[in-house]
2 protein chains.
Amino acid sequence: MTTQTNIVLADDHQIVLDGLQFMLSSEKYLQVVYTSLNTNGVLQYLETSATKVQLLITDINMPTVSGIELCKKVKELYPHIKVLVLSMYSSTEIVKEAILAEADGYMLKDGGKEKLLAAIHKLNNDGTYYSEEIIPIIYNQFSIEKKAALSASNLSDREKEILVLIAKEYSSEQIAEKLFLSIKTVGNHRQNILAKCECKSSVGLVKYAIKSGLITV
Amino acid sequence: MTTQTNIVLADDHQIVLDGLQFMLSSEKYLQVVYTSLNTNGVLQYLETSATKVQLLITDINMPTVSGIELCKKVKELYPHIKVLVLSMYSSTEIVKEAILAEADGYMLKDGGKEKLLAAIHKLNNDGTYYSEEIIPIIYNQFSIEKKAALSASNLSDREKEILVLIAKEYSSEQIAEKLFLSIKTVGNHRQNILAKCECKSSVGLVKYAIKSGLITV
DNA sequence: TAATTAATAGGGAGTACTCCCTATTTTAAT
DNA sequence: ATTAAAATAGGGAGTACTCCCTATTAATTA
């Protein structure tokens, strides 16, 4: 698969732009058609030339409009353009945002030329590329964070049991029936759970239950 | 890192057990110390020999007790043992369950010898291994499913806006203040949203908002 | 043994949410 | 231009939740 790929680069540091361009220059089927130090430049360029662009490689941390926002807009206006998001860090939040913005790929900046070319290759073939480093991040989000949150709150087993039912949309009455308790008891547990989890209402409790892995969305 | 790794295998098909054992036999630092056609056998074996085991490779689809359950129990009783979960399929639910069960690795069965050895190598070094195939799955879960859920409900923009605030733990009063509305209006929107999303209470709405990507947990 | 915590249950009050209505205005669509 | 849908607002009733208390029992811990 060595069809011509026209690429737009966006990064607020000229050095990074130069570096990327240099890394891409070795492959003759990769053609950088536009570079920009800000996101608006990219959008302006695409207004006239979107059809000939196949790939956008953008940094996340950009002044005024972030790479995430740029990604969202580009995917909305020009869905045919693949977006590869570059980031210095691999924080849970950023990775998640990138995924939600429908980025086709996510890559750490310290990847180097080989990884970049591999990413582009995989984007062209499989449609997506997410660097291996982010798996532990997602893993963390699912597992370690959850445990920490859960153990921090000090919920008793009974409280956890009731929290699960709350989060499964049981009313206090239904919980009382199911566990053979008085509604008052359930109410007391609710209060204690709210306090321990530092939540304002059941809405917070659901999110807590999800965060801590007690239930799945 | 070629320290001796003692491995337990679990799969309800003898052929798969044989295949795995064969694949592992080429590396002299990998030693299969026990194989079992069911999960109970593994637990019984570990009761006496857990200390000398470093890795459990288990299929997911096992009669009576699933590989997920086995994984949970093993990680609970013998946290030092790494668990690599094998699965025929790469469904969202299964991957999620594996992660929640604290599997250290997840791998598709069609991976072949090289992938298996690479997985074990990575498990030994980095502590985790998740095959690349599951990223699009998580991606799907985050993105495509969400969009579908959202568009299915037919929420208006205003309703979405209010749903987000509900899910962010705003009370009706706070929403009214923020959007310069009457509490009654907010209440009406709540009802309509509940109906459209087929939820019984705000608890359901939060989960809906998360599922459809309107908010993050 | 004494003290603490968890689980149970209740009283009483206030708040928040849910449901069933009607109704007006604005916007969008046929 | 008529219809339909969305957004607004309200009345009234009932339910559910949240908060502030007290109190008993069982189990755990110091």
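These values consider heavy atoms only, across backbone and side chains, with no hydrogens, waters or symmetry-generated copies. Numbered from 1 within each chain, the chains take letters A, B, ... in sequence-line order.
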Scan residues 61-74 of chain B for pairs that pass side chain to side chain donor-acceptor pair (under 3.5 Å), counting only residues two or more places apart or in two chains. none

Just to confirm, is there a sub-4.0 Å distance from OP1 or OP2 of D:dG10 to any side-chain nitrogen or oxygen of B:Ser182? yes

Testing C:dT8, D:dA6, C:dA6 for proximity to the side chain of A:Ser156, the answer is C:dA6

Hits for ring pair (Phe, Tyr, Trp, His ring centres under 6.0 Å) against A:Tyr45, two or more places apart or cross-chain, chain-then-number order -> A:Tyr34

Examine C:dA7: is either OP1 or OP2 under 4.0 Å from a nitrogen or oxygen in the side chain of A:His189? Give yes or no. no

What N/O pairs connect the protein and nucleotides 15-19 of chain D at under 3.5 Å? Give each pair on its own line.
from, atom 1, to, atom 2, distance (Å)
D:dC17, OP2, A:Ser172, N, 3.0
D:dC17, OP2, A:Ser172, OG, 3.0
D:dT18, OP1, A:Ser202, N, 2.9
D:dT18, OP1, A:Ser202, OG, 3.1
D:dT18, OP2, A:Arg190, NE, 3.1

Separation of atom NZ in B:Lys160 from atom C1' in D:dA6, rounded to whole Å: 13 Å

Using a 3.5 Å distance criterion without hydrogens, assess whether the side chain of B:His13 forms a donor-acceptor pair with backbone atoms of B:Leu37. no

For A:Arg190, check salt bridge (Lys or Arg N to Asp or Glu O under 4.0 Å) against everything at least two apart and list the hits. none

For B:Ser202 and B:Leu205, indicate whether the former's side chain and the latter's backbone hold a donor-acceptor pair under 3.5 Å. no

With the side chain counted from C-beta on, respond yes when A:Leu46 and A:Leu77 share a heavy-atom pair under 4.5 Å apart, and no when they do not. no

Between D:dT8 atom P and B:Asn192 atom CG, what is the distance in whole Å? 11 Å

How sharply is the helix from C:dT1-D:dA30 to C:dT30-D:dA1 bent, taking the axes over five pairs at either end and rounding to 10 degrees? 60°

What is the distance from CD of A:Glu161 to C1' of C:dA7, rounded to the nearest Å? 12 Å

For A:Ser156, all residues meeting side-chain contact (heavy atoms from CB on, under 4.5 Å), sequence neighbours excluded: A:Arg158, A:Glu159

Separation of D:dA5 C1' from B:Arg158 CZ (nearest whole Å): 16 Å

Protein N or O to nucleotides 28-30 of chain C N or O, pairs below 3.5 Å:
none

Minimum side-chain heavy-atom gap B:Ile60-B:Val85 below 4.5 Å: yes

Partner set under side-chain hydrogen bond (donor to acceptor under 3.5 Å, both in side chains) for A:Gln14, not counting sequence neighbours: A:Asp18

Which pairs, protein N/O on one side and nucleotides 3-5 of chain C N/O on the other, fall under 3.5 Å?
none

Residues forming a salt bridge (Lys or Arg N to Asp or Glu O under 4.0 Å) with A:Lys109, sequence neighbours excluded: A:Asp11, A:Asp59

For B:Lys75, look at atom NZ and say whether over 12 heavy atoms of other residues, nucleotides or ligands are found less than 6.0 Å away. yes

Whole-Å distance between D:dA9 P and B:Ile183 CD1? 11 Å

Do side-chain atoms of B:Asp104 reach the backbone of B:Val83 as a donor and acceptor pair under 3.5 angstrom? yes

I'd like to check the side-chain hydrogen bond (donor to acceptor under 3.5 Å, both in side chains) partners of B:Gln54; sequence neighbours left out, ordered by chain and number. none

Ignoring backbone atoms, establish whether A:Thr185 has a side-chain N or O less than 4.0 Å from OP1 or OP2 of C:dT8. no

With B:Gln31, which residues qualify under side-chain contact (heavy atoms from CB on, under 4.5 Å), at least two apart? B:Gln4, B:Asn6, B:Val33

